[in-house]
There are 2 protein chains.
Amino acid sequence: MAYGTALTVLADPTRRQVFERLRDGPRPVNAIAAGLPVSRPAVSQHLKVLKDAGLVEEHSEGARRIYALRREGLAELREWLDGFWDDALLAFKIEAERSHRQMKGKTDE
Amino acid sequence: MAYGTALTVLADPTRRQVFERLRDGPRPVNAIAAGLPVSRPAVSQHLKVLKDAGLVEEHSEGARRIYALRREGLAELREWLDGFWDDALLAFKIEAERSHRQMKGKTDE
DNA sequence: CCGTTCCGTAAGCCATGACTTACCGTAAGT
DNA sequence: ACTTACGGTAAGTCATGGCTTACGGAACGG
């Protein structure tokens, strides 16, 4: 149940910011922490949690640690979410809605 | 940023159990709480949180409150997740895999 | 009515975890 | 070697929130 891990880990707003900052590409801790409302060690701790959860990966480049996104870490969470639309037809409808945001169907709401 | 709300709310394991129990259809609080490792009031509290987050909806039937899943509450979270695959081609592949998996009804793990 | 079932709310306890500061090792520049 | 950037780890503080028990009100059956 790694989707549970992903949910737990991404629940924290600060940690989510850290994670989202990696969207645009790998970065050293420095660059990630810059501008964030918390101290640099706090960011380090968040990165550790993210890494343990398989959501980021890290490699050293000299003195710096470069962190990068691991999209596969989100896979199980995605599948779990998809599981809520288990009917194929309904799933299709959802997909369509997502694609072009226009549904005049009979759905409530 | 309602996806943040959804993440926060679904991060708790017990609350997630409550939520998942509604997958098979609407249920009164009674039925939801049965078998869970926490007290009935705890379940009520979780349901309130879920409702405030737009993840479930509630209507009264006599003395009982019936709770039901609101899949739309997951929409933003889904979109946020999808946003991590911003390359159109890659996104398409993911969609295809998702559809495929659902058609087959095959569960992996 | 009276008891029972249903469930939401209040109050309080307690563990979890997100921060801080302080410190340490390592890498590179001079 | 000395120094300066980089960043992980330790220890301790404090707020958050998930749980419990206790209670109260609403609906239904007898």
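To find a chain, count down the sequence lines: A is the first, B the second, and so on, and within it residues start at 1.
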Could you tell me how far apart [X] ([atom1]) and [N] ([atom2]) are, to the nearest whole angstrom?
X: A:His59; N: D:dG8; atom1: NE2; atom2: P; answer: 13 Å
X: A:Gln17; N: C:dA18; atom1: CD; atom2: C1'; answer: 14 Å
X: B:Leu47; N: C:dG8; atom1: CG; atom2: P; answer: 7 Å
X: A:Ile66; N: D:dG7; atom1: CD1; atom2: C1'; answer: 12 Å
X: A:Asp52; N: C:dG17; atom1: CG; atom2: C1'; answer: 15 Å
X: A:Lys48; N: C:dC19; atom1: NZ; atom2: P; answer: 16 Å

Residues which pass side chain to side chain contact (heavy atoms under 4.5 Å, CB included) with [X], listed by chain and number, not counting sequence neighbours:
X: A:Lys48; value: A:Asp52
X: A:Ala42; value: A:Val38, A:Ser39
X: A:Val49; value: A:Val9, A:Arg15
X: A:Glu61; value: A:His59, A:Ile66

Exercise. Please round to the nearest 0.5 Å and tell me the distance separating atom CZ of A:Arg78 and atom CG of A:Leu81.
Key: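 Here the interatomic distance stands at 9.0 Å.
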
Got a list of protein N/O to nucleotides 22-30 of chain D N/O distances below 3.5 Å?
none

Between [X] and [N], is there a contact of a side-chain N or O with OP1 or OP2 at under 4.0 Å?
X: B:Arg65; N: C:dG8; answer: yes
X: A:Tyr67; N: D:dG8; answer: yes
X: B:Asn30; N: C:dC7; answer: yes

Quiz item: Who are the side chain to side chain donor-acceptor pair (under 3.5 Å) partners of B:Glu20, not counting sequence neighbours?
Solution: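 Scan of B:Glu20 (side chain to side chain donor-acceptor pair (under 3.5 Å), adjacent residues dropped) gives A:Tyr3, A:Trp80.
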
Quiz item: For B:Arg21, which residues count as a side chain to side chain donor-acceptor pair (under 3.5 Å) partner, sequence neighbours excluded?
Solution: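 By the side chain to side chain donor-acceptor pair (under 3.5 Å) rule, B:Arg21 matches no residue at all.
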
Quiz prompt | Pairs satisfying ring-ring contact (aromatic ring centres under 6.0 Å, His included), at least one member in residues 4-38 of chain B, at least two apart | solution =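 Matches after skipping sequence neighbours: A:Phe84-B:Phe19.
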
Quiz item: Is there any ring-ring contact (aromatic ring centres under 6.0 Å, His included) pair reaching into residues 32-54 of chain A, and which pairs are they, with sequence neighbours excluded?
Solution: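 Listed by first then second residue: nothing to list.
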
Quiz item: With a cut-off of 6.0 Å (strictly less than), are more than 12 heavy atoms of other residues, nucleotides or ligands near CZ of B:Arg64?
Solution: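 No, CZ of B:Arg64 has 12 or fewer neighbouring heavy atoms, counting only those of other groups under 6.0 Å.
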
Self-check item: Bend angle of the helix from C:dC1-D:dG30 to C:dT30-D:dA1, end axes from five pairs each (to 10°)
Solution: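 Roughly 20° between the end axes, to the nearest 10°.
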
Self-check item: Listed partners of B:Arg16 passing salt bridge (charged side-chain N to carboxylate O under 4.0 Å, His left out), at least two apart
Solution: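 Checked B:Arg16 against salt bridge (charged side-chain N to carboxylate O under 4.0 Å, His left out); zero matches.
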
With 3.5 Å as the limit, what N/O pairs link the protein to nucleotides 14-19 of chain D?
| residue | atom | partner | partner atom | Å |
| --- | --- | --- | --- | --- |
| D:dG18 | OP2 | B:Arg15 | NH1 | 2.8 |
| D:dG18 | OP2 | B:Arg15 | NH2 | 3.3 |
| D:dC19 | OP1 | B:Thr14 | OG1 | 2.9 |
| D:dC19 | OP2 | B:His46 | NE2 | 2.2 |

